[in-house]
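Supplied in structure tokens, the structure appears directly below.
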Amino acid sequence: MRSGAFASKLADPAAIEYRRSEFMGVEEHLRESVVTVLEELVASGQLPPEVRTAVFSSERPKVAEHGHVATNVAMVLARVAKVKPRDLAATIQPRLQAQPGIRQVDIAGPGFLNVWLEPQVFQAVLHEVQQLGLGYGRAPAATGERVLLEFVSANPTGPLLVSHGRGAIFGDAVGRALEASGHRVTREYYINDFGNQVRLLAESVRAAAAGKDPPEGGYGAAYVKVLAEWIKANASEALKDDAPEGLLARLCIGRMLDGIPGSDEVRGIRNTLGSMGIFFDGWYSEESLHRWGKVDAALLQLRERGVLLELEDGALAFKTSEGEDDKDRVIRKNDGRTYTYFASDIAYHGDKVGRGYERLINVLGADHHGYVARLRAALDVFGFEQQRFEVLLYQLVSLLRDGQPYKMGKRLGNLITIDEVTDEIDQAAGRKGAGADALRYYYLSRSSEQPIKLDIEIAKQQNLDNPVFYLQYGHARLCAILRRAKEVFGLEAPRFGVAHAAKLVHPDELAMLQQLGSYPRVVRDAARERAPHKTLFFLQELSQQFQSYFTRLKVERDAILPQSWQTSQPGWEATWDRDKTLARLAWVDAIRTVYAAGLWLLGISAPERMVRPSAEADGVESDDDAEPATS
RNA sequence: GCGCCCGUAGCUCAGCUGGAUAGAGCGUCGGACUUCGAAUCCGCAGGUCGCCCGUUCGAAUCGGGCCGGGCGCGCCA
């Protein structure tokens, strides 16, 4: 089951087949070669069969002098083989060197095997990328688990705030990563449209419509007044004293979700998410759980399981303390009829189980950590295996303003919404969607386990030197080369041909092919570890490699496309290596393909052109410059 | 007090299923434009990987203990 253990794969023929069909790049070429050599040594009795249990590395060394790829196999096997690492390395070395595609093998340090490969091994990556196009790196679709991914689920009693953005973006990126590794993902937003907060919103709107202050604990931000105006104009009957119970609340929630046309304050949660490329398959209403009797039904199951406890004061509790939780949790208050949110959540998760998913994933902010044990207890009652339930906690976003802690409050009227931040960046960058890209990049450039400090002012204004534009620029630049090739020289990237590929011999070109070859592994790891930031760091590195190469070519008086200093010479075409240009175009196109695939996994757009902003011209009052508090 | 997360360059962060000389961006300083897109590239400087023990050929990485910070421990959601 452990990936990396060649033994388990050899033991299972099907696993071998799977592995062979799974392209894993240059490192995997060495891994296979090592396995072949070890099998030879086992067969000839020079190594005990136990070496098959070993887990060894095959990776690109940090320094170029250590080869294209290196493995620690001799060090790992030394103990079980009862030989010194360097002696074992010496046994493996000549046989490994004889394997196809391997040019040279050195023994180094405590027993590393440093390996240099033939160019064909790298060039094969180009073939693979061309074959699969944007599907490169992705597992076959719909071969994995059926997953229910619940995220955001923010209270619809207000617009989505920048802090909600992290959960939304992280959850969406996890969903994309899971899909890329073959899982079938259903995205769901649980709407808390029931209970006290909703009632408070309705009362606050009623008060605002009458020109009064909100009730104790109510909502006082600007959007409440906008809601009140809309209700007055479009559904004033809901404000009457004899209006049906809950009508006003339903109208308010409806507007918070779908927005009020033309209003910046109430743009609608669905629209906010949609503008960031985040779409849900389901919007599950808490209120409907009650309306359809699912809460009562769930509690009946709990009662039958004997996990309910009547408290002395009339309240009803779930004996969650029999599990991991540290105390029992009340599900019906001591008035004997009011359910807590936990009652709804029990029913909701019971419903999820009933829908037959193989895996349930909840994305929650770290402040909900204490809630996990409760959910596990509930899922236990419904017979759902704990291993198939995951809670992904992301650490919180703390807001700063000009370096000082910034407290948001629903009554303070100082809410910073996602829309507000993305709008400002859109405007500064002169492109709709730039803000969403920037926010996505910012949140995905940190591990979910890392707390984030977000400075509002910098988030809104510091945008032209935002690293997201570096990535996008890299992509646009690749597109520009391909565009120019076609428009000026009538050349298009050719299909893979061995003769063309053989023209790719520049060390940087081979190194980048190696990098492209590791992309499928990055996708797999990002999905398996629920760590989309790994994809982002991969792309960052890819971009750096290319831009560095591109400048280096210039220094070396070389170029992908013929330059004016060449074409201005009469008869220049006689000395032009046209096949090399074609090979490089194919190579550029492969990089662009992986680039676009990776950006898609992050939900960041991959523009083919970027309009360069006039740097200082509109420089957002740049006199109080720099003070790089954040990022 | 208990639980989870974090502590790596001046700042923001990667690296953590143990591997060779710990990386990137921003910032500082110095270089590279005849632009296949310079929103770029190259270089210099910058580190007790919070501290202490332990595990072993080898620890930023694993285990234990401390120190410091964030969050949680509601009949709120």
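Every chain is numbered from 1 and lettered A, B, ... according to where its sequence line falls, protein lines coming before strand lines.
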* Asked: Just to confirm, is there a sub-4.0 Å distance from OP1 or OP2 of B/rC76 to any side-chain nitrogen or oxygen of A/Lys333?
  -> yes

* With P as the reference atom in both, quote the distance from B/rG27 to B/rU34 in angstrom, rounded to an integer. => 24 Å

* Should A/Glu27 and A/Arg60 count as an ion pair when the cut-off is N to O under 4.0 Å? -> no

* Asked: Which part of the nucleic acid, if any, lies within reach of A/Ser398 when heavy atoms closer than 4.0 Å are counted: base, sugar-phosphate only, or nothing?
  -> nothing

* Asked: Which part of the nucleic acid, if any, lies within contact of A/Arg609, taking any heavy atom under 4.0 Å across all strands shown: a base, the sugar-phosphate backbone alone, or nothing?
  -> base

* Could you check whether A/Ala108 gets within reach of a base, just the sugar-phosphate, or nothing at all, counting any heavy atom under 4.0 Å? => base

* Whole-Å gap separating C1' (B/rG72) and CD (A/Glu324) -> 15 Å

* Round to the nearest Å and state the distance from A/Asn192 atom CG to B/rA77 atom C1'. => 6 Å

* Asked: If you check every side-chain atom of A/Phe112, which of B/rC4, B/rC36, B/rG19 has the closest atom?
  -> B/rG19

* Considering all heavy atoms, the nearest A/Pro215-A/Leu200 contact -> CG-CD2, 4.4 Å

* To do: Measure from the side-chain heavy atoms of A/Met610 and tell me the nearest of B/rC73, B/rG37, B/rC16.
  => B/rG37

* Asked: Considering only side-chain heavy atoms of A/Gln197, which listed nucleotide, B/rA14, B/rC73, B/rA77, is closest?
  -> B/rA77

* Distance test, side-chain N/O of A/Gln450 to OP1/OP2 of B/rC5, below 4.0 Å -> no

* B/rA22 OP1/OP2 closer than 4.0 Å to side-chain N/O of A/Lys62 -> no

* To do: Remember a base hit wins even if backbone is also touched, and classify A/Phe537 as base, sugar-phosphate or nothing at under 4.0 Å, heavy atoms.
  => sugar-phosphate

* **Span that lies between the C1' atom of B/rG58 and that of B/rG25, in whole angstrom** => 31 Å

* Using the P atom in both, what is the distance from B/rG10 to B/rA22, to the nearest Å? -> 16 Å

* To do: Looking at every strand, decide which applies to A/Gln547 at a 4.0 Å heavy-atom threshold: base, sugar-phosphate, or nothing.
  => sugar-phosphate

* So, is A/Thr551 near the phosphate of B/rA32, with a side-chain N or O under 4.0 Å from OP1 or OP2? -> no

* Structure fact -> A/Leu302 and A/Ile331 have their tightest heavy-atom pair at CD2-CD1, 4.5 Å

* Among B/rU34, B/rG25, B/rC75, find the nucleotide with the atom closest to the side chain of A/Arg557. => B/rU34

* Asked: Could one point to a donor on the side chain of A/Asn114 or the base of B/rA20 with an acceptor on the other under 3.5 Å away?
  -> yes

* **Least distance between heavy atoms, A/Pro61 atom then A/His68 atom** => CD-O, 3.6 Å

Check: protein-nucleotides 69-71 of chain B nitrogen or oxygen pairs below 3.5 Å:
none

* Asked: With a 4.0 Å cut-off on heavy atoms, is A/Asn72 in touch with a base, just the backbone sugar-phosphate, or nothing at all?
  -> base

* **Closest to the A/Gln544 side chain, choosing from B/rA14, B/rC41, B/rC36** => B/rC41

* To do: Tell me what A/Ser447 touches on the nucleic acid: a base, only sugar-phosphate, or nothing, going by heavy atoms under 4.0 Å.
  => sugar-phosphate

* Is the shortest side-chain N to carboxylate O distance from A/Asp325 to A/Arg329 below 4.0 Å? -> yes

* Asked: Which is true for A/Glu541 with a 4.0 Å heavy-atom rule: it touches a base, it touches only sugar-phosphate, or it touches nothing?
  -> nothing

* Asked: Using a cut-off of 4.0 Å on non-hydrogen atoms, how would the nucleic acid contact of A/Tyr470 be classed: base, sugar-phosphate, or nothing?
  -> sugar-phosphate

* Over how many whole Å does the gap from A/Leu553 atom CG to B/rU35 atom P extend? -> 16 Å

* Asked: What does A/Gln566 touch in the nucleic acid at a heavy-atom separation under 4.0 angstrom: a base, only the sugar-phosphate, or nothing?
  -> nothing

* Asked: Reckon A/Ala476 touches a base, only the sugar-phosphate, or nothing at all at heavy-atom distances under 4.0 Å?
  -> base

* Establish, yes or no, whether a centroid distance under 6.0 Å links the rings of A/Phe151 and A/Tyr189. => no

* Is A/Ala70 touching bases, backbone alone, or none of the nucleic acid, heavy atoms closer than 4.0 Å? -> base

* Asked: Which is true for A/Asp313 with a 4.0 Å heavy-atom rule: it touches a base, it touches only sugar-phosphate, or it touches nothing?
  -> base

* Answer yes when A/Arg552 and A/Asp508 have at least one side-chain N-carboxylate O distance shorter than 4.0 Å, and no when they do not. => yes

* Exam field: side chain A/Arg446 to backbone A/Gln450, donor-acceptor pair closer than 3.5 Å -> no

* **Point-to-point distance, once rounded to the nearest 0.5 Å, from CG of A/Asn72 to OG of A/Ser57** => 3.0 Å

* Base, sugar-phosphate, or nothing: which does A/Gln472 touch, judged by heavy atoms less than 4.0 Å apart? -> nothing

* Using the P atoms only, state how far B/rG54 lies from B/rG1, rounded to an integer number of Å. => 27 Å

* **Under 4.0 angstrom between A/His66 side-chain N/O and B/rU21 OP1 or OP2** => no

* Pairwise P distance, B/rG68 and B/rG50 [rounded to whole Å] -> 16 Å

* Structure fact -> For RNA chain B, the dot-bracket notation using Watson-Crick and G-U wobble pairs below 3.5 Å, [ ] for pseudoknot-type crossings and | for other-strand pairs, is (((((((..((((.....[...))))..((((.......))))......(((((..]....))))))))))))....

* How many Å lie between CE on A/Met75 and P on B/rG18, as a whole number? -> 12 Å

* Asked: How far, in whole Å, is B/rG3 from B/rU48 if one measures between their P atoms?
  -> 32 Å

* Asked: Is the gap between the ring centers of A/His290 and A/Phe194 under 6.0 Å?
  -> yes

* Asked: Considering only B/rG74, B/rG25, B/rC36, which nucleotide approaches the side chain of A/Lys327 most closely?
  -> B/rG74

* **A/Tyr442 to A/Leu454 - nearest heavy-atom pair and separation** => CE2-CD1, 3.3 Å

* **Phosphate OP1/OP2 of B/rU12: any A/Lys453 side-chain N/O under 4.0 Å** => yes

* Asked: Cationic tip of A/Arg31 within the cone over A/Phe56's six-membered ring, i.e. under 6.0 Å and within 45° of the normal?
  -> yes

* Structure fact -> With the side chain defined as heavy atoms from C-beta on, A/Glu449 is closest, among B/rC13, B/rC6, B/rC75, to B/rC6

* To do: Using the six-membered ring wherever Trp is involved, compare the ring planes of A/Phe537 and A/His533 and label them parallel, tilted or perpendicular (cut-offs 30° and 60°).
  => perpendicular

* Asked: Does A/Tyr348 have its ring centroid less than 6.0 Å away from the ring centroid of A/Tyr190?
  -> yes

* Asked: Can a side chain N or O of A/Tyr394 be found less than 4.0 Å away from OP1 or OP2 on B/rC4?
  -> no

* Same-atom distance (C1') from B/rA59 to B/rU17, integer angstrom -> 14 Å

* To do: In whole angstrom, give me the gap between the C1' atoms of B/rC33 and B/rA9.
  => 31 Å

